[in-house]
**Student:** 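First the structure, which I've put down as structure tokens, then a few questions once you've had a look.
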Amino acid sequence: MDPAGTAAVVLVGGQGSRLRPLTLRTPKPMLPTAGVPFLAHLLSRIAAAGIRRVVLGTAYRAEVFEAFLGGGVPGGLEGLDLECREEPEPMGTGGGIRYAAEALGPDYDEVVVFNGDILSGVDVRAVVGEHRAASADATLHLVRVPDPTAFGCVPTDDDGRVTAFLEKTLAPPTDQVNAGCYVFRRDVLDTIPAGRAVSVERETFPGLLEGGARLQGHVESSYWLDLGTPASFVRGSADLVQGAAPTAALPGPVGTALLLPGAKVAASASLTDGTTVGAEVQIGEGSRVSGSVLMDGARIGDGALVERSVIGPGASIGDDTVVRDAVVAEGAAIGASCELLAGLRVWPGLVVPDGGLRFSGGA
């Protein structure tokens with residue numbers, strides 16, 4: 001990778017509505033994921049590929065990204081030349097790419113684009129290498145999934161050339177889907193219309209195909225996960241902690257749990273399946289926490305069970321309460337002997353009294 005000729009654009013402007021209430025004040029790429037903002041994990045992968053110039057295309061809560069860069073990036077990312085470029089209005093994926101890329105100097109002849117909510121083990125060097133070998137106008141990272149109906153479907157021929165771009169069809173002809181990482185020749189990227197909303201999936205790629213451009217598909221079987229829902233968010237965090245997903249930004253050793261400074265865990269409590277315990281978190285006697293994210297300052301009482309859930313900053317879980325596949329947002333207080341199950345989401349600051357919420361008739 002030639003850092004003088006290849007730059008990156010990371011799209012981080014989405015509102016993360018599927019992750020609410022976690023994203024009411026924090027953009028999705030800035031949510032604490034395995035101990036650091038998710039964006040840090042993505043940037044660590046970009047740095048490892050040899051890219052140095054990175055522009056973040058921001059929109060929703062743009063000030064949070066500015067503060068992140070202003071406070072100094074995590075270790076291992078010091079060599080990156082990072083800049084935020086805030087959209088003046090919603091510009092879609094294609095418009096956002098074009099607008100962010102305008103911050104790049106004229107010497108960059110390749111731009112690698114990343115969606116800021118994808119956790120991936122993609123070999124960026126290999127994608128760029130195939131892009132060059134095929135003399136492609138644009139190259140798409142593709143992955144195979146069991147159910148392609150929820151994604152953009154991208155069939156290719158025997159030479160890897162993209163033959164169609166089918167956005168969320170009910171009868172997909174292939175299990176190959178758009179994985180949210182692209183390489184553009186700079187002159188091709190500059191053909192995306194400026195100053196208006198453009199969808200790269202519905203307008204840019206189909207338009208390039210219709211115009212006879214060479215779109216290449218790079219198919220990999222590496223780790224890939226869209227962190228768009230609470231369930232996938234906690235799974236992705238757990239995979240990072242356990243080493244199943246690659247990162248150079250993990251603030252501790254790979255293992256069954258990650259504890260940040262000031263965390264206090266009772267001797268009889270158990271932490272398993274890639275749980276993250278944030279700074280100053282307290283976990284009481286006999287509690288069990290599995291595959292979950294406990295954000296800074298959370299409190300877990302005695303005898304509680306927390307599985308595959310997110311407990312927000314400063315939130316508290318009472319004694320003998322069960323939280324399974326649920327989200328408890330910042331500052332919420334759940335009393336003793338409650339049950340929070342099956343996708344339940346508790347909004348910030350809400351107070352639930354002892355026994356005030358249950359899914360069974362137990363006392």
Side-chain angles (χ1 to χ4, degrees), residues 18-19 21-22 31-36 38 41 119 223 225-247 250-330 332-346 352 355 357-360 362:
R18 291 182 296 162
L19 275 169
L22 298 174
L31 288 174
T33 312
V36 295
F38 171 71
H41 297 293
L119 179 58
Y223 182 99
L225 184 66
D226 179 349
L227 299 186
T229 66
S232 62
F233 172 74
V234 295
R235 175 186 162 194
S237 181
D239 285 347
L240 285 162
V241 171
Q242 296 178 106
T247 180
L250 192 69
V254 168
T256 58
L258 173 67
L259 274 67
L260 298 189
K264 297 180 180 179
V265 181
S268 59
S270 69
L271 307 173
T272 60
D273 297 331
T275 288
T276 295
V277 182
E280 307 300 328
V281 167
Q282 295 183 13
I283 301 177
E285 296 288 349
S287 288
R288 293 172 292 157
V289 185
S290 171
S292 296
V293 177
L294 312 183
M295 296 184 181
D296 294 354
R299 301 289 186 269
I300 310 297
D302 297 337
L305 175 64
V306 181
E307 295 181 338
R308 300 179 301 276
S309 296
V310 182
I311 310 300
S316 62
I317 305 299
D319 296 348
D320 301 314
T321 282
V322 175
V323 184
R324 182 179 293 122
D325 302 309
V327 172
V328 179
E330 180 177 3
I334 310 300
S337 301
C338 290
E339 291 177 334
L340 283 65
L341 310 176
L344 187 72
R345 305 186 191 199
V346 178
V352 178
L357 180 61
R358 296 192 60 83
F359 283 72
S360 70

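All of these numbers come straight from a predicted model, not from anything done at the bench. When a residue number appears, it is its place in the shown sequence, counting from 1.
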**Student:** Does CZ belonging to Arg345 count more than 12 external heavy atoms closer than 6.0 Å?
**Tutor:**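 Yes, because the 6.0 Å sphere around CZ of Arg345 holds more than 12 heavy atoms from other groups.
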**Student:** Tell me the closest heavy-atom pair linking Gly355 and Cys338, and the distance in Å.
**Tutor:**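 It is N-SG, 3.6 Å.
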**Student:** Please identify each residue that fulfils side-chain hydrogen bond (donor to acceptor under 3.5 Å, both in side chains) with Glu330, with sequence neighbours left out.
**Tutor:** Arg25
**Student:** Can you list every side chain to side chain donor-acceptor pair (under 3.5 Å) pair that touches residues 303-312, not counting sequence neighbours?
**Tutor:**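 Found Glu307-Arg324, Arg308-Asp325.
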**Student:** Test your reading of the model: is there a side-chain donor-acceptor pair from Arg299 to the backbone of Gly297, 3.5 Å cut-off?
**Tutor:**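 Indeed, once roles are kept as given, a pair shorter than 3.5 Å links the two residues.
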**Student:** Locate the shortest heavy-atom distance separating Pro21 from Val327; write the atom from each residue and the value.
**Tutor:**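 Answer, listing the atom of Pro21 first, then Val327: CD-CG1, 4.2 Å.
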**Student:** Run Val322 and Leu341 through side-chain contact (heavy atoms from CB on, under 4.5 Å) and show every step you take.
**Tutor:** CA-CA 8 Å; Val322 175; Leu341 310 176; 4.0 Å; yes
**Student:** Considering only heavy atoms from C-beta outward, does the side chain of Leu340 approach that of Val328 to under 4.5 Å?
**Tutor:**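 In short, these two side chains touch, coming nearer than 4.5 Å.
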**Student:** Mind listing the closest non-hydrogen atom pair of Ala266 and Gly284 along with its distance?
**Tutor:** CB-C, 3.5 Å
**Student:** Looking at side-chain heavy atoms only, is the closest gap between Leu357 and Leu344 below 4.5 Å?
**Tutor:** yes
**Student:** Who are the side-chain hydrogen bond (donor to acceptor under 3.5 Å, both in side chains) partners of Glu285, not counting sequence neighbours?
**Tutor:**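 In terms of side-chain hydrogen bond (donor to acceptor under 3.5 Å, both in side chains), with neighbours along the sequence ignored, Glu285 is linked to Ser268.
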**Student:** Donor-acceptor pair, Thr275 side chain versus Gly291 backbone, under 3.5 Å?
**Tutor:**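 Side chain of Thr275 to backbone of Gly291, a donor-acceptor pair under 3.5 Å: yes, one is there.
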**Student:** Is the side chain of Asp319 donor-acceptor paired with the backbone N or O of Asp302 at a distance under 3.5 Å, no angle test?
**Tutor:**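 The answer is yes, because a donor-acceptor pair under 3.5 Å joins these two groups.
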**Student:** Can you give me the closest heavy-atom contact between Ala315 and Ala329, atom names plus distance?
**Tutor:**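 Smallest interatomic distance, heavy atoms only, reads CB-O, 3.5 Å.
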**Student:** Look only at the side chain of Thr321 and the backbone of Gly335, and say whether a donor-acceptor pair between them is shorter than 3.5 Å.
**Tutor:**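 Such a contact is found between Thr321 side chain and Gly335 backbone.
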**Student:** Nearest 0.5 angstrom please: Leu271 CG to Leu294 CG, how far?
**Tutor:**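 Atom-to-atom, Leu271:CG and Leu294:CG are 8.0 Å apart.
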**Student:** Salt bridge (charged side-chain N to carboxylate O under 4.0 Å, His left out): which pairs involve residues 251-278, sequence neighbours left out?
**Tutor:**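 Sorted result for residues 251-278: empty, none.
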**Student:** Once you round to the nearest 0.5 Å, how far does CD1 of Ile334 lie from CD of Glu339?
**Tutor:** 13.0 Å
**Student:** So, using side-chain hydrogen bond (donor to acceptor under 3.5 Å, both in side chains) as the criterion, who are the partners of Asp320 when residues are at least two apart?
**Tutor:** none
**Student:** Does the Asp296 side chain pair with the main chain of Gly278, one donor and one acceptor, at a distance under 3.5 Å?
**Tutor:**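 Looks like no, no N/O pair under 3.5 Å.
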**Student:** For residues 230-240, run the donor-acceptor check on the side chains, cut-off 3.5 Å, and write out each pair with its distance to 0.1 Å, sequence neighbours left out.
**Tutor:**
residue: Ser232; atom: OG; partner: Asp226; partner atom: O; Å: 3.0
residue: Ser232; atom: OG; partner: Gly228; partner atom: N; Å: 3.4
residue: Ser232; atom: OG; partner: Thr229; partner atom: N; Å: 3.1
residue: Ser232; atom: OG; partner: Thr229; partner atom: O; Å: 3.0
residue: Ser232; atom: OG; partner: Thr229; partner atom: OG1; Å: 3.0
residue: Ser237; atom: OG; partner: Ala34; partner atom: N; Å: 2.9
residue: Asp239; atom: OD2; partner: Tyr223; partner atom: OH; Å: 2.7

**Student:** Closest approach of Leu258 and Pro251, non-hydrogen atoms and distance?
**Tutor:**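 Closest approach of Leu258 to Pro251, heavy atoms only: CD1-O, 3.9 Å.
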